[in-house]
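Here is the structure we will look at, set down as structure tokens.
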Amino acid sequence: MDRKMDDRYKELIANRLKQLRVNKGWTADETAKKLGISRSRYLNWECAARTPKLDMFPKIAKLFNTTAAYAAGFTDELDPRNQDSKFVSADQPKLNNNNLSLISSNIAFSIELLKNKALTSNDIILLKVMDGNMSPTLMKGDDALIDLSKTIVTEPDIFALQEPSGQIWFRWIRKELGGGYTVYANDKEHTKEQLFSESEFKKLDVLGRLCWSGRWS
């Protein structure tokens, strides 16, 4: 596992623990006491500084009435009663500066389909398109499935980019022959093309590549 994916895995666990705790209405201190650990140790988990040891996941699962597999990020199925489900949602927090309002829970995806596409539930997230600058490819309000494992640009394609504020934009990214990258939208009248050098582009937070989109009529 590379460093970037390892960090995302830690963040996935951290976000799940925080959401489970918030859903219960508990403070970090209360949660730590229920788990029999120190507050600082628990906060290290929620801050993605560390991850729980394997023997802690069953205890975490029991406390939050979920499964160890869900707490550890191996499945997106929160309810232990639904472990035989053939579908998974792609609405679990997996992003830095997480803005839950940008994540869509409108659709579940076939596990078998994801497998055929060489994807796992940990590779994907379903986001809401918040602007119309990629029309007609993506319209405001569309659901956009992002493959988080695809962050390297080899040919022109649509990627999701996240600002430090947490705002997410969908844009075409094209690698130029002479070096550097061009980021652009379909609406060239209101959105200017931006050219980035190799070093400038590395500073952008490219979340992943668009692999599916859906639109409700």
Side-chain angles (χ1 to χ4, degrees), residues 4-5 7-9 11-12 14-16 18-19 22 73 76-78 87-111 113-176 181-196 200-217:
K4 189 169 186 179
M5 290 305 295
D7 288 344
R8 281 188 171 156
Y9 183 67
E11 289 159 7
L12 171 61
N15 286 326
R16 288 193 172 180
K18 183 175 182 179
Q19 193 60 54
V22 170
D76 285 338
E77 183 51 64
L78 172 64
F87 295 86
V88 294
S89 62
D91 60 352
Q92 299 304 319
K94 302 179 177 102
L95 308 177
N96 292 325
N97 297 319
N98 202 13
N99 187 340
L100 296 179
S101 67
L102 300 177
I103 301 175
S104 174
S105 58
N106 288 333
I107 303 171
F109 295 87
S110 162
I111 294 174
L113 174 63
L114 293 178
K115 183 179 179 181
N116 291 339
K117 298 294 184 180
L119 292 168
T120 70
S121 59
N122 286 334
D123 293 329
I124 59 173
I125 188 166
L126 189 64
L127 299 173
K128 300 173 186 175
V129 179
M130 304 302 288
D131 71 289
N133 291 326
M134 289 295 288
S135 174
T137 310
L138 292 174
M139 304 285 285
K140 185 176 181 179
D142 283 358
D143 289 319
L145 188 67
I146 301 303
D147 180 356
L148 298 170
S149 69
K150 302 295 184 183
T151 59
I152 305 299
V153 180
T154 57
E155 58 185 36
D157 215 330
I158 297 175
F159 290 81
L161 301 101
Q162 186 175 37
E163 294 183 346
S165 66
Q167 179 64 51
I168 294 174
W169 305 101
F170 296 92
R171 294 291 185 266
W172 288 98
I173 302 180
R174 180 180 67 235
K175 188 172 184 178
E176 302 297 342
Y181 298 82
T182 299
V183 178
Y184 58 102
N186 286 345
D187 183 359
K188 293 183 172 58
E189 181 180 349
H190 299 97
T191 309
K192 294 182 179 179
E193 289 189 355
Q194 293 178 280
L195 180 62
F196 295 88
E200 290 172 334
F201 186 76
K202 287 180 180 179
K203 296 177 182 179
L204 297 181
D205 189 3
V206 180
L207 298 178
R209 181 181 65 84
L210 176 72
C211 57
W212 178 90
S213 64
R215 183 174 304 157
W216 299 95
S217 59

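Atoms considered below: every heavy atom in the structure, side chains included; atoms not considered: hydrogens, waters and symmetry mates.
Thr151 OG1 to Ile173 CD1: the interatomic distance, rounded to the nearest 0.5 Å, is 10.0 Å. The line from CD1 of Ile158 to CG of Leu161 is 11.5 Å long, rounded to the nearest 0.5 Å. The distance from the CG atom of Asn186 to the CH2 atom of Trp172 is 6.5 Å, given to the nearest 0.5 Å. The distance from atom CG of Asp147 to atom CD1 of Ile125, rounded to the nearest 0.5 Å, is 12.0 Å. Distance check, rounded to the nearest 0.5 Å: OH of Tyr181 to CG of Leu195 gives 11.5 Å. Taking CD from Gln162 and CD from Gln167, the interatomic distance works out to 9.0 Å, rounded to the nearest 0.5 Å.
Nearest heavy-atom pair across Asp143 and Ser104 is OD1-OG, 2.7 Å. In this structure, Arg215 and Pro136 approach most closely via the heavy-atom pair NH2-O, 3.2 Å. Between Ser213 and Thr137, the shortest heavy-atom distance links the atoms OG-O, 4.4 Å. Across every non-hydrogen atom of Ala118 and Asp123, the tightest pair is O-OD2, 4.3 Å. Nearest approach of Gly73 to Arg16, heavy atoms of both residues: CA-NH1, 3.4 Å.
Proximity of Phe159 to Val183: side-chain heavy atoms (C-beta onward) are nowhere separated by under 4.5 Å. For the pair Met134 and Val129, the minimum side-chain heavy-atom distance is 4.5 Å or more. Looking at Leu127 and Ile103, their side chains come closer than 4.5 Å, going by heavy atoms from C-beta outward. Annotation: side chain of Ile146 is not in contact with side chain of Ile168 (no heavy-atom distance under 4.5 Å).
The neighbour count for Lys188 NZ, taken as heavy atoms of other residues, nucleotides or ligands under 6.0 Å away, is above 12.
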Stepwise side chain to side chain contact (heavy atoms under 4.5 Å, CB included) check, Thr191 with Arg171
CA-CA 10 Å; Thr191 309; Arg171 294 291 185 266; 4.1 Å; yes
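Between Phe109 and Trp212, the two ring planes are perpendicular [angle over 60°; tilted spans 30° to 60°].
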